[in-house]
Amino acid sequence: MTPSEVIESIRVMFKKVGNPANIPMLQGDLFKAELFKDGIKVEEEGDEGFLPWSAFTETVSLLVGDRGSLLREDVINNKPGDSGLYITSIGGGIAHIVYGGKLGYATYKKIAPIVAILIWADICRYEEGYLLVK
């Protein structure tokens with residue numbers, strides 16, 4: 001799946017349900033997301049609430065390369081490059097590639113909305129701790 005296909009799939013879902021949209025998390029809670037030209041703003045995420053398109057396209061790239069499908073990683077207690085958070089994992093990859101995180105420094109901890117939006121837009125599916133591209 002190309003980056004433009006990822007972005008278009010997400011835009012199509014917003015067109016179907018409206019903007020902003022209530023999107024389900026894996027645990028079943030909903031969060032509000034609003035579509036903008038350069039990405040998506042998710043509610044209650046503070047300064048980190050804006051997710052650029054690269055957050056979604058890079059996540060799919062990691063998955064397609066079979067390098068980031070495992071979701072059960074300790075994002076909170078690890079930093080990119082630590083033994084518990086590999087740079088090729090979803091959390092480590094987003095921290096490094098999208099947000100410019102350096103190895104050994106604090107990481108981006110809000111991958112849940114990215115994962116939820118990819119599932120909601122029917123780009124990915126969740127299976128027993130793994131995120132897989134459809």
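Side chains included, hydrogens not; waters and symmetry mates left out as well; all remaining heavy atoms used.
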* Asked: Are any of the side-chain heavy atoms of E127 and L132 separated by less than 4.5 Å?
  -> yes
* **Electrostatic pair K32-E34, nearest N-O below 4.0 angstrom** => no
* Pairwise distance OG(S54) to CD1(I7) - rounded to 0.5 angstrom -> 8.5 Å
* Asked: Knowing that exactly one of T57, V133, T59 qualifies, which makes a side chain to side chain contact (heavy atoms under 4.5 Å, CB included) with V6?
  -> T57
* Structure fact -> Heavy-atom nearest pair, V64 first then M1, reads CG2-N, 4.5 Å
* Asked: Looking at CG of L131 and CG of L63, how far apart are the two atoms once the value is rounded to the nearest 0.5 Å?
  -> 5.0 Å
* Would you give the length of the straight line joining atom CD1 of I117 to atom CZ of F56, rounded to the nearest 0.5 angstrom? => 4.0 Å
* For the residue pair Y126 and V115, establish whether any side-chain heavy-atom pair is separated by less than 4.5 Å. => no
* Asked: Does some side-chain heavy atom of W53 sit less than 4.5 Å from a side-chain heavy atom of I40?
  -> yes
* Structure fact -> Residues pairing under salt bridge (charged side-chain N to carboxylate O under 4.0 Å, His left out) where one sits in residues 112-123, two or more places apart or in two chains, turn out to be D122-K134
Throw together a table of side-chain donor-acceptor distances under 3.5 angstrom for residues 9-30, partners on residues two or more places apart or in other chains.
from: S9; atom 1: OG; to: E5; atom 2: O; distance (Å): 2.9
from: R11; atom 1: NH2; to: K37; atom 2: O; distance (Å): 3.2
from: N19; atom 1: OD1; to: L35; atom 2: N; distance (Å): 2.7
from: N19; atom 1: ND2; to: L35; atom 2: O; distance (Å): 3.2

